[in-house]
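Report on one structure; see the data block that follows.
Convention: sequence-line order gives letters A, B, ...; per-chain numbering from 1. Every value quoted in this text rests on a predicted model; they were computed, and no experiment measured them.
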Amino acid sequence: MTQLTLVQAVNDALRTKMREDPSVLVLGEDVGPKGGVFLATEGLTREFGEERCFDTPLSEDGIVGAGIGLAMNGMRPVCEIQFQDFIYPAFDQIVSEAAKMRYRSGGQYTVPMVIRAPYGGGIRGGLYHSQSGEAYFAHTPGLKVVVPSTPYDAKGLLIASIEDPDPVIFLEPKAIYRAFREEVPEGRYSVPLGSTRQVREGGDAVVFCYGAMVPVCVEAARRVVETRGREARVVDLRTLLPLDEAAVLEHAKECGRVVVVHEAPRFCGYGGEISALIAEHAIEYMQAPIVRVTGFDTPFPNTLEHYYMPDARRVQDALERVLDF
Amino acid sequence: MTQLTLVQAVNDALRTKMREDPSVLVLGEDVGPKGGVFLATEGLTREFGEERCFDTPLSEDGIVGAGIGLAMNGMRPVCEIQFQDFIYPAFDQIVSEAAKMRYRSGGQYTVPMVIRAPYGGGIRGGLYHSQSGEAYFAHTPGLKVVVPSTPYDAKGLLIASIEDPDPVIFLEPKAIYRAFREEVPEGRYSVPLGSTRQVREGGDAVVFCYGAMVPVCVEAARRVVETRGREARVVDLRTLLPLDEAAVLEHAKECGRVVVVHEAPRFCGYGGEISALIAEHAIEYMQAPIVRVTGFDTPFPNTLEHYYMPDARRVQDALERVLDF
Amino acid sequence: MNATLQILDPAGRKVGKVPKLKHEQLLRMLRAMLMTRHFDDRCMKLQRTGKIGFSIPNTGIEAVSVGAAAPLRKTDWIAPSYRDFGMALYLGVPAEAMMDNMFGNAADTGRGRQMPVHFSFVEPVRYLSISSPIGTHIPQGVGIAMAMRKRGEDGVCLISFGDGGTSSQGFHSGMNFAGVFSAPAIFLCQNNQWAISCPLDKQTASETIAIKGEAYGIPGVRVDGNDVLAVYQVVHDAVRRARAGEGPTLIEAVTMRMGGHSTSDDPTRYVDKGMLEEWREKDPLKRFRQYLLEEAVLDARQIEQLDEECAAVILEAAKAAEAKTRPPLETVFTDVYQDMPEHIRAQREWCIHHYSSRGEGVNEKGEFPL
Amino acid sequence: MNATLQILDPAGRKVGKVPKLKHEQLLRMLRAMLMTRHFDDRCMKLQRTGKIGFSIPNTGIEAVSVGAAAPLRKTDWIAPSYRDFGMALYLGVPAEAMMDNMFGNAADTGRGRQMPVHFSFVEPVRYLSISSPIGTHIPQGVGIAMAMRKRGEDGVCLISFGDGGTSSQGFHSGMNFAGVFSAPAIFLCQNNQWAISCPLDKQTASETIAIKGEAYGIPGVRVDGNDVLAVYQVVHDAVRRARAGEGPTLIEAVTMRMGGHSTSDDPTRYVDKGMLEEWREKDPLKRFRQYLLEEAVLDARQIEQLDEECAAVILEAAKAAEAKTRPPLETVFTDVYQDMPEHIRAQREWCIHHYSSRGEGVNEKGEFPL
Ligand SMILES: Cc1ncc(C[n+]2csc(CCOP(=O)(O)OP(=O)(O)O)c2C)c(N)n1
Ligand SMILES: Cc1ncc(C[n+]2csc(CCOP(=O)(O)OP(=O)(O)O)c2C)c(N)n1
Ligand SMILES: [Mg+2]
Ligand SMILES: [Mg+2]
């Protein structure tokens, strides 16, 4: 056991799998000697050599395209996209190819590949170093979409993603890459994809969230104990696709009041799916409107980013609104 | 007045604007002498010359990227993407550039551009000639997303889109390109972006839909009169972004029972936004679950496409479910 | 600029150094070319009579596909374009398996999910699942090739695309990666002068396609694409280089699309008749046949017989494929992931129940009874 | 292969034909180079003292930006990279306007929405809003150039990008479109040997960047990027060709990034010290200064004076920008569309009310009081 930050846990997961399985490769821009711009791949080229962890030309289309080929031919590539904002040149490879290969070939060709990308705001990155594009991927059948919120989960979920037989988009909340440390077991363990995690107990309302919003929501729930004397449950969704819909509905039914939180813009965002699921399958349990707390429906700003991103106070407001309803 | 099909109305809109405004251009693959694979641009090169309607190399990134440049420098380009399925190589240009240019430059640079693309199933096109990607664009602030369902609207909305100062994704339901004819006025008229259209009256439930699903939903509503003696309202959303949210909420409140229909996969699809809006702002009016009828959460198949796509019977089922609740 | 390699001229006369090939192999090449032509003809007929929805003409370009497939081993991979019937047929994919795809029936390896001509095979050769989006398979093929080197194998990946495909982002990233990583990839551009209605000079201003290799440090070669021996030779050389670890090659096979882009296309709107006439003289099959006659590899009667035999095989294949059932309804839901997630499972159950409960020609298991 | 044009050698000696330039213009070029260096220095200091969050070193590449800007007219367009301070400064963008962006203050043309060094100007020249995604501006610049020809104007668009940028899809589509449509575009690749930590030979296997023009039928030219006169000359020629309707040119300016990629980067992890030493000898400012002295355009004292003046202007600009307020809260919501849609209006109102009602340093109009 060691105390690791989230980004160190990512590094540890990569190292663990690379030691265990020679088919695991890491590729991307600056992942080699530099160790990645966030140092998530630090030391991997040194330990495993250039054949196993290597820099690529500046082409996300190439990284993912070649990654798909490597995956189809027996490798387990982990592609790094330097910022999630720069994934769009690879969108065609991800959406048209990785996501549909198994289906269109009747399972003859498959793409066991992970695409890691730091996402989200909070680092003064402006329009192009702050985005949260999870909804684009979550709307794409054939992909899995995973977002950890703790070092423990980051390692366990990334290992599970590498071992997964299908393509996984692994979005890392860069705002909390180094926010705190946690005990992380050495060696291989995994956190199964498709399961949610209850972060905080409570039965008066439930907050669904993921990534860097998890600590924000926990803080909001804490405040509501003070302001309203009520206990809000906080649920970290962890795997956005496939989602554990049964768990979401169960929590919603038990609490009767729901708040959904993410950084991405609201309109047609991931939160809409959570609301819609509940409105379709558990509306009769609802004692209040289902409230979303999200980024605004604008691009991501820079100087004023802290006004753009949901914070504990906004989530608190929403919780109070559903509790007071 | 002439009787036109939807695709003819598109052609008429292009011709009308090109006659009126010399800055309007059409570019794309095969839009020149061939007139487009669906003949939407037929005759334009003949009438306006190669400078105004021209074939491009096989690069959607180039089509949209050059289109953005043309738009910034005084032109009004209308880019054709041959099938919406092939828009993804241009995703970066659309999402990172066209959508964010005005914002990031404080309005110094703007992109008055239309991207037309036939979308949707029903022509035995399999995975890559059938997709409905509207949710990707509707989740992108800075874009407008328009889907006509009739010849009249197709012409009026396309003219409004060309005249719009911001980038518009104009998705044409190819399944009904030639399904029926309608009186379409000659010359310029426009249908304002951002307004919905009530297609069918009724107060017992409301169906929200767009594109090729509109006639399907009207048929379903007709059937429900027979099976349940109830009248369902049908609302064509027409502009998916910006959505007339007030109208959606008003219809939902008046009817108390809601069905949302689209061809795209359900998970994190556009329908989720409609459900979520209502669940947030009008849940207390709901007398039944908000039901979505959508494509399945799989890629689009070929031989069995008619089992994949929502049809009148599936919508009817959903209506009966909310009416019987 | 790169000269264009030709070994047989349009009349079938030797004008270059003929590669050493056993009679057996020459025969196999001829057979694959004939099979390709008959497969193509048959599909056109099936489409015109409404039995299948769509096909992609392969006539006139048989030499490219067959000549390129011939130097490969079965352990090599192919990342084909949709105009590569000949590669599959040369390497032993049964015509019936291909016809299963044309009909999208239950036996189709892609379970009828894709349009016709979007084949996928793993046996007897890796013939990668064809995708409609142009160029996406190019960097994939490079990744496939890189994997072989990482494992210390000497396999290669043959990546085939059209002249239009050179404008795609996949061409750029694939070529670039192959150059940088010295991947054992052979890039085969079937330059048939057209991308649907877009002629080559509106596709690119470059002098040739082959010269595009310069941008990536990859040698470019031009070859007469209607000369099966010349195609064989340049691909053979490229394969040898790749196997030896000497890196990728870009091959431009100059040919002409002799029909519409697809059965949905009307080329008279944009292709000049004179151009077609000119190219008809250069027909790859005629040329190769003439060569084989002159070399006395086969006599006219034997060729006639082979031709008839191929026609019969194709006809049988079409009949057999036509007779098969549609894929079961449940195939809409399988193969999205290895393990079906709950939400898809629920949709599958709902769907099968919905249709079967109304007697829609599907039973509870999602099978079509006929 | 393309020779590399050099007019001044590292010691500032003439080794080629010197372009005819008035003293006034030479002075203006020197001034812009000095301004660029001081702007860069100042930003480094501001970043190190925590006053701004980020900058992009421009030291060592001043000759590329300034030499390329000098042949332009104010009616031409620039589609710059983030390493082109010199273009804006040469063409008369006030340093303070640029500093406003570095601070992301209320006067920033981009309303503080982008990171520092993401400038946007329309006056006194069209200096296109810089985007972080690499290469996207390349086809845009081609479209801009195409529009000028469609209107019958003789303007050009100068498109600047790095060696890494040549791997982007925008490079491929932009070059291809420019070749096919003969757009009046000048593609300027600032080959500074690195894309963050990726060295050129891992970026591309091509012999040079200039040769990549071959793939698009575009002439490629190589120039010493640390020689401002040579850069001026090749861009001048390319501009003349473009204005005359003779089409685009690809220029490779060979230089070296003398610092980290950005203030967040630690280049000692991957850049060899020897390489830096070697290039320090080739410094573009030193070289040009020497030339001007030898030609007696200026004397040492005058240069010294100019240098001090530039330093002072930049310092003033930084101070002025620092003193300005942050953008008003409402700028989060404006400029998404020309007309604000209802849903954004509602969010704006909610947001301003939410923060102002809690006294969060913002009033009801969304202005920061200080
Ligand atoms: C990304 C993308 N854009 C557009 C299309 C539509 N399309 C299908 S084939 C084709 C032309 C391809 O031409 P080429 O690469 O020369 O191949 P050929 O058909 O001539 O063999 C086009 C534009 C597509 N399939 N994919
Ligand atoms: C599409 C995209 N991918 C990755 C990045 C991250 N990134 C920023 S600058 C850079 C290197 C650019 O190198 P080059 O083009 O040579 O320009 P230079 O910085 O050397 O001037 C990278 C990889 C990006 N901005 N955009
Ligand atoms: Mg072609
Ligand atoms: Mg560089």
Side-chain angles (χ1 to χ4, degrees), chain A residues 60-61 85-96 99-100 103-104 126-128 133-142 240-243 258 260 264-284 286 288-292 296-299 301 325, chain B residues 60-61 85-96 99-100 103-104 126-128 133-142 240-243 258 260 264-284 286 288-292 296-299 301 325:
Chain A
E60 288 74 13
D61 182 61
D85 313 64
F86 303 138
I87 207 168
Y88 303 119
F91 203 69
D92 195 28
Q93 284 289 349
I94 296 171
V95 164
S96 305
K100 297 180 172 58
Y103 196 72
R104 75 173 196 239
L127 282 82
Y128 300 112
E134 66 275 10
Y136 296 134
F137 304 105
H139 183 51
T140 307
L240 306 192
L241 177 68
L243 172 69
V258 174
V260 189
R266 174 201 56 130
F267 199 82
C268 220
Y270 188 79
E273 181 57 39
I274 303 295
S275 302
L277 272 175
I278 296 167
E280 183 152 2
H281 299 291
I283 199 167
E284 59 274 35
M286 287 302 101
I290 304 171
V291 173
R292 286 179 287 172
F296 300 117
D297 286 312
T298 75
F325 188 81
Chain B
E60 288 73 16
D61 182 62
D85 313 64
F86 303 139
I87 207 167
Y88 303 119
F91 202 71
D92 196 28
Q93 284 290 349
I94 296 171
V95 164
S96 305
K100 297 180 172 60
Y103 194 75
R104 76 175 195 236
L127 282 82
Y128 300 113
E134 66 275 10
Y136 296 134
F137 304 106
H139 182 52
T140 307
L240 305 191
L241 177 67
L243 173 69
V258 174
V260 190
R266 174 199 60 130
F267 198 83
C268 220
Y270 188 79
E273 181 58 38
I274 303 295
S275 302
L277 272 175
I278 297 168
E280 182 150 5
H281 299 290
I283 200 167
E284 58 277 35
M286 289 301 103
I290 305 172
V291 173
R292 286 179 287 172
F296 300 117
D297 287 313
T298 74
F325 189 79

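The line from OG of A/Ser96 to CZ of B/Phe86 is 8.5 Å long, rounded to the nearest 0.5 Å. Here A/Ile290 contributes atom CD1 and B/Ile278 contributes atom CD1; the two are 11.0 Å apart, rounded to the nearest 0.5 Å. To the nearest 0.5 Å, the span separating CZ on A/Phe267 from CG on B/Leu243 amounts to 4.5 Å.
Contacts of A/Tyr103 classified as ring-ring contact (aromatic ring centres under 6.0 Å, His included), with partners at least two apart in sequence or in another chain: none.
Of all the listed residues (B/Thr140, B/Ile87, B/Leu240), the one sharing the greatest number of non-hydrogen pairs under 4.5 Å with chain A is B/Thr140. With chain B as partner, the option from A/Gly126, A/Ala99, A/Gly272, A/Gly142 having the largest number of non-hydrogen pairs under 4.5 angstrom is A/Gly272. Contacts with chain B were tallied for A/Gly271, A/Ala264, A/Ala138; A/Ala138 has the most, counting heavy-atom pairs under 4.5 Å. Taking chain B as the reference chain and counting heavy-atom pairs below 4.5 Å, the highest number among A/Ala135, A/Gly133, A/Pro301, A/Pro141 is found for A/Pro141. In terms of heavy-atom pairs under 4.5 Å with chain A, the best-connected choice from B/Met286, B/His281, B/Lys100 is B/Lys100.
Contacts of B/Ala90 with chain A are absent, with no heavy-atom separation under 4.5 Å from either backbone or side chain. Proximity to chain B is limited to the side chain of A/Val95, based on heavy atoms less than 4.5 angstrom apart. Residue A/Ala282: no heavy atom, backbone or side chain, is found under 4.5 Å from chain B.
Every pair passing side-chain hydrogen bond (donor to acceptor under 3.5 Å, both in side chains) that includes a residue from residues 265-277 of chain B is listed here, sequence neighbours excluded: A/Glu245-B/Arg266, A/Arg292-B/Glu273, B/Arg266-B/Asp297.
Contact of the B/Gln93 side chain with the A/Tyr88 side chain is not registered, since no non-hydrogen atoms from C-beta on lie closer than 4.5 Å.
For A/His139 and B/Tyr136, the gap between ring centers is short of 6.0 Å.
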